[in-house]
Amino acid sequence: MKSFDKIIVANWKMQLSLDKAKEEAKEMKKLLSKAKIGEDTVAIVCPDFLAMTEVAKIFKGSDIILGAQDTYPGDTGAHTGEVSLSNLKSLGCQYIIIGHSERRAMGESDDSINQKVKAVLEHDMVPIICVGETYDERKEEKTNFVVIHQVYEALKDVKLKEGQQIMLAYEPVWVIGSGQVIDANEADRMSQIVRQSYIDAMEGQNLEALSILYGGSVTPETVNRFTSLEKIKGVLVGGASLDGESFIEIVKKA
Ligand code: PGA
């Protein structure tokens, strides 16, 4: 799969009605077709599962790539309420967010995240693994430990095949949806911790497969603060991705 130097991911969470999702998807497609973005930039949109089929039809033939917010760690079968990777793939979905802090808060374990990472790679798709500390963990000076631990657990026994990619999104949980952003120095410091954790967890292999993203209240005004950092290739955007115009502004300014 092609790799990109600037990666902008929209996480729509459970925020949009089906009609609104279709409307914003059409707006994004229209605005992106007019925007002059380089070949090395990619816009990925992760709608909720219900909106996926309709949004996939809208994005067909555009430069926007479909992603998912989660997955079952495997294929079709007797798993009530789950969604399979092969069905996601058949819709054109190439990227899967795994271990978002909102799912970790609902009880998703490190082990489940690890299984999903392996399953996504088995299907030749790209996992976007979210890591980050809570406010209490930061106050207790556990930030580095938490992030290193989450990267290690997510990548346990992961073996990459030639050409496969992994994205690690550093998202300080206390910043998500808060309207605050951390300063560039801290984002830079954390990206180095994420990178070093990846190198240690993968025993030095496949460093070229890694892209580091930043997430947490990113807007068109702040995106460049993060994407201008040497080790950060892109952003994961929640609130500011719900409006087509604002999301495409982020893509243009990244
Ligand atoms: P936010 O969400 O941009 O609304 O802070 C980011 C995320 O949850 O990934």
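Note: hydrogens, waters and symmetry copies are ignored here, and every other heavy atom, side chains too, is used. When a ligand or atom number is given, it counts from 1 through the structure's own listing order.
Those atoms of ligand 1 that come under 4.0 Å of a heavy atom in Gly177, given as number and element, are 1 (P), 4 (O), 5 (O). Per-residue contacts place Gly239 under 4.0 angstrom from the following atoms of ligand 1 (heavy atoms of the residue considered): 1 (P), 3 (O), 4 (O). Atoms of ligand 1 found under 4.0 Å from any heavy atom of His100, numbered from 1 in the order shown, are 7 (C), 8 (O), 9 (O). Counting atoms of ligand 1 from 1 in the listed order, those under 4.0 Å from a heavy atom of Ser217 are 1 (P), 3 (O), 5 (O). Those atoms of ligand 1 with a heavy atom of Glu171 less than 4.0 angstrom away are 6 (C), 7 (C), 9 (O).
Checked for salt-bridge contact, Arg103 and Asp70 meet the test: a charged N lies under 4.0 Å from a carboxylate O. With respect to the salt-bridge test (charged N to carboxylate O, under 4.0 angstrom), the residues Glu122 and Lys118 do not qualify. Residues Asp63 and Lys29 are not paired through a salt bridge, judged by the lack of any N-O separation under 4.0 Å between the basic side chain and the carboxylate.
Environment of CD in Glu39: sparse, with no more than 12 heavy atoms of neighbouring residues, nucleotides or ligands closer than 6.0 Å.
The closest approach between Gly216 and ligand 1 falls below 4.0 Å for a heavy atom of the residue.
The shortest N or O to N or O distance between Ile176 and ligand 1 is not under 3.5 Å.
In this structure, Ser191 and Ile232 have side chains that are in contact, with non-hydrogen atoms separated by less than 4.5 Å.
Among protein heavy atoms, atom 3 (O) of ligand 1 sits closest to Gly238 N, 2.9 Å.
If you chain together hydrophobic residues whose side chains sit under 4.5 Å apart, Met14 and Leu242 never meet in one group.
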